[in-house]
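See structure below.
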Amino acid sequence: MPINGMSRRSVLAAGAATAAVAATGTLAAPAAYAAPTLPNGTSKDKVLVIGMDGLRHDRIDAANAPHLKSLMANGTYGLSLLYAPPMAATSSGPGWSTIATGVWPDKHGVKDNSFAGKNYGAYPGFLARLAQVRPELSTYAAVDWKPLDDQGTVTPGADGKLVLDGDRDGYPGHDATIANETESVLRSQNPDVLFVYLGNTDAVAHSSGTGQRYLDAIAVQDGYLGRFLAAIKARPSYATERWTVIVSTDHGHADAGGHGGSSIEERRTFVLAQGPGIAAGARPADTRLVDVAATVFHQLGIVPDPSWGLDGKPVQQRSTDPFDTLLPSLTGRVDETGIPAGVLGFTHTAPSGWSVINSAMGTGGMTEWRGWAFATDEFWSRSQRDQWRELNVRSRGVFAVADSDEWADRASSGPYDSTLVTPAYGVSGKTTVRLDFTTLYRHEAGQSAEVLASFNGGTPTRVKSYTADVVSKPQSLSVSVPAGASGVSFRFRCTGANNWYWVIDGVKVTAS
């Protein structure tokens, strides 16, 4: 089967047409397939990515899943939430596209399982990217949700692939076949990078929710993970190899089963990784689903070209964002009774060197959102669903948010008027200072959002104002440094009255 015109070694596909299907629609036993013969690997750095469809991480603890739990103890385990409509549905097409490409749906273009608008030409999956930049690597893909092959999401670039049809034949048997053949490849051949998909967790959740049958399905897939890990360790060359194992999922599930919407349960995802340079037992708050592809590249010693436009970063690379220093001081709800009491996710205490000016702020309102606050994705997006708060995908960990809409949900008087102030940064002898940050801004008539610069503590001057929506985008502002200026601070002023919101994250100031 051709690989999108790429010049690669032959690709072998195993069809599912001869599979024996039981009356229930699932395979009575895994069919026998010959594992594809891969070219001999060339790298001592090797990566196995395992995708478990629809695996809600909060159900792993209740499952008999010793291998997943061992990876958590001995690797880095980052939890995060997905986008929601209108950016994309919490469905498999957007989820696996995000994992494979390392970019968010506003770049890869997949919004639902129709794959309409896909932009894999500009943002290919990591196997296709490896075929471009490291064609000597030996790569393998195995999937039993066929669109991942038919649509070109995962398998392009693979030297060998196994493609089965779980929708037609049932996922239990085909997952077992994928496990058998992957174990064989790991034991008997010399692959460098593998992407292995297991679909039955999703199928079981759809049919019976996230109860005991779902836990049983997790246990089965955990068993497959254990076999993969044992096969890696049994390799004759294992002592000289550097293996990274990554487990992730494309979306969560409602308790009763189903996904696609904006509930927290449907948005739950995780990235679990163990390998060289990856800390044992780490629980970072700044991991996102786009980090899978970036981690693959990093573990192979590949520095992504900026032209790739990746949104992800390696899982072991921590954010240097000042807002993330607030994680230990986050507290629970005050007035937001819809947020569970156990969710610790906001504070009004600014990071060291930062401040918030609320002298023109009205009185009353929701305590959490009285002026600029610092919050997490889960806390803030729980405050009100389906108003685009779920689209804050490029923020990580803790971010700053001014939300006059939520503030006005409780009796208040006076305007919303709050200013976030950065520390002073040195600019002596420089001609230009650049302010970089990411933002989610939702606009409405009657509100304002402006960035101001103050040199040497002088009167702030506006350098940017927002008059239209900006849906989670990086921002870069360059400002000329006046003669004789030695320092600059920036201000983010938001005003309104029961209008929308403004999010700031990843603030970085550089002078040149």
Side-chain angles (χ1 to χ4, degrees), residues 51-60 79-101 103-120 125 143-154 165-168 170-171 197-211 213-214 217-218 221 248-271 288-290 292 311 338 377-378 380-394 440 471-472:
M52 298 187 179
D53 201 302
L55 178 56
R56 242 177 67 179
H57 59 71
D58 62 324
R59 298 297 286 146
I60 295 174
L79 310 180
S80 67
L81 297 174
L82 283 178
Y83 39 73
M87 178 172 282
T90 49
S91 299
S92 291
W96 293 115
S97 297
T98 298
I99 289 170
T101 64
V103 302
W104 293 111
D106 58 0
K107 289 183 179 178
H108 64 61
V110 179
K111 291 190 170 186
D112 53 40
N113 285 353
S114 73
F115 290 85
K118 64 183 180 183
N119 191 18
Y120 298 148
V143 301
D144 53 5
W145 189 49
K146 282 196 83 233
L148 296 179
D149 178 61
D150 294 342
Q151 298 291 339
T153 309
V154 166
D165 192 343
D167 285 342
R168 185 189 66 195
Y171 284 93
Y197 167 94
L198 301 169
N200 197 47
T201 34
D202 184 63
V204 169
H206 276 295
S207 66
S208 59
T210 59
R213 282 195 63 215
Y214 185 67
I218 294 174
Q221 291 181 186
S248 192
T249 193
D250 54 334
H251 55 72
H253 264 278
D255 289 344
H259 55 87
S262 61
S263 73
I264 292 292
E265 290 71 26
E266 294 167 274
R267 296 174 61 210
R268 291 197 188 281
T269 61
F270 67 92
V271 179
R288 302 305 299 254
L289 198 61
V290 289
V292 173
D311 290 320
D377 187 13
E378 179 160 356
W380 184 54
S381 63
R382 277 184 182 272
S383 66
Q384 181 63 55
R385 284 168 56 180
D386 300 320
Q387 293 181 340
W388 294 17
R389 290 175 181 83
E390 301 88 356
L391 278 52
N392 190 32
V393 293
R394 289 185 175 86
L440 170 66
V471 183
S472 194

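Numbers here are sequence positions counted from 1.
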| message | Given 3.5 Å as the limit, does a donor-acceptor pair link the side chain of Thr98 with the main chain of Trp104, or not? | response |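 No.
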| message | When you measure from the side chain of Ser207 to the backbone of Val204, do you find a donor-acceptor pair of N or O atoms at a distance under 3.5 Å? | response |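 Side chain of Ser207 to backbone of Val204: a pair is present.
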Which atom of [X] lies closest to which atom of [Y], heavy atoms considered:
X	Y	answer
Ala88	Pro94	CB-CB, 3.9 Å
Tyr171	Gly166	CE1-C, 3.4 Å
Ser248	Phe270	OG-O, 2.7 Å
Ile264	Ser381	CD1-OG, 4.1 Å
Glu266	Ala254	CG-N, 3.9 Å
Asp386	Ser262	OD1-OG, 2.6 Å

| Full working for side chain to side chain contact (heavy atoms under 4.5 Å, CB included) between Arg59 and Asp255 | CA-CA 10 Å; Arg59 298 297 286 146; Asp255 289 344; over 6 Å; no
For [X] and [Y], test the side chains for any donor-to-acceptor distance below 3.5 angstrom and give the result as yes or no.
X	Y	value
Tyr120	Ser97	yes
Asp112	Ser91	no
Ser80	Thr269	yes
Asp53	Ser92	yes

Is there side-chain contact between [X] and [Y], with at least one heavy-atom pair below 4.5 Å?
X	Y	result
Arg268	Glu378	yes
Glu265	Thr210	no
Met52	Ile218	no

| message | Parallel, tilted or perpendicular, judged at 30° and 60°: which one describes the rings of His253 and His206? | response | perpendicular
| task | List the steps and the verdict of side chain to side chain contact (heavy atoms under 4.5 Å, CB included) for Gln221 and Asn200. | result | CA-CA 8 Å; Gln221 291 181 186; Asn200 197 47; 3.9 Å; yes
Between [atom1] of [X] and [atom2] of [Y], what distance do you get to the nearest 0.5 Å?
X	Y	atom1	atom2	result
Arg394	Asp311	CZ	CG	4.0 Å
Tyr214	Leu55	OH	CG	5.0 Å
Leu289	Ile99	CG	CD1	4.0 Å
Tyr83	Arg288	OH	CZ	10.5 Å
Trp388	Leu440	CH2	CG	9.0 Å
Leu81	Glu390	CG	CD	9.5 Å

| note | Only residue of Asp250, Thr249, Thr153, Thr101 satisfying side-chain hydrogen bond (donor to acceptor under 3.5 Å, both in side chains) with Trp96 is Asp250
| task | Apply side chain to side chain contact (heavy atoms under 4.5 Å, CB included) to Val393 and Ser472, showing your working. | result | CA-CA 6 Å; Val393 293; Ser472 194; 3.6 Å; yes
| More than 12 heavy atoms of other residues, nucleotides or ligands under 6.0 Å from NZ of Lys111: is that the case? |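 Not more than 12 within 6.0 Å, no.
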| task | Report the C-alpha distance between Trp380 and Asn392 in whole Å, list the side-chain angles of each, state the deciding distance to 0.1 Å, and finish with yes or no for side chain to side chain contact (heavy atoms under 4.5 Å, CB included). | result | CA-CA 10 Å; Trp380 184 54; Asn392 190 32; 4.2 Å; yes
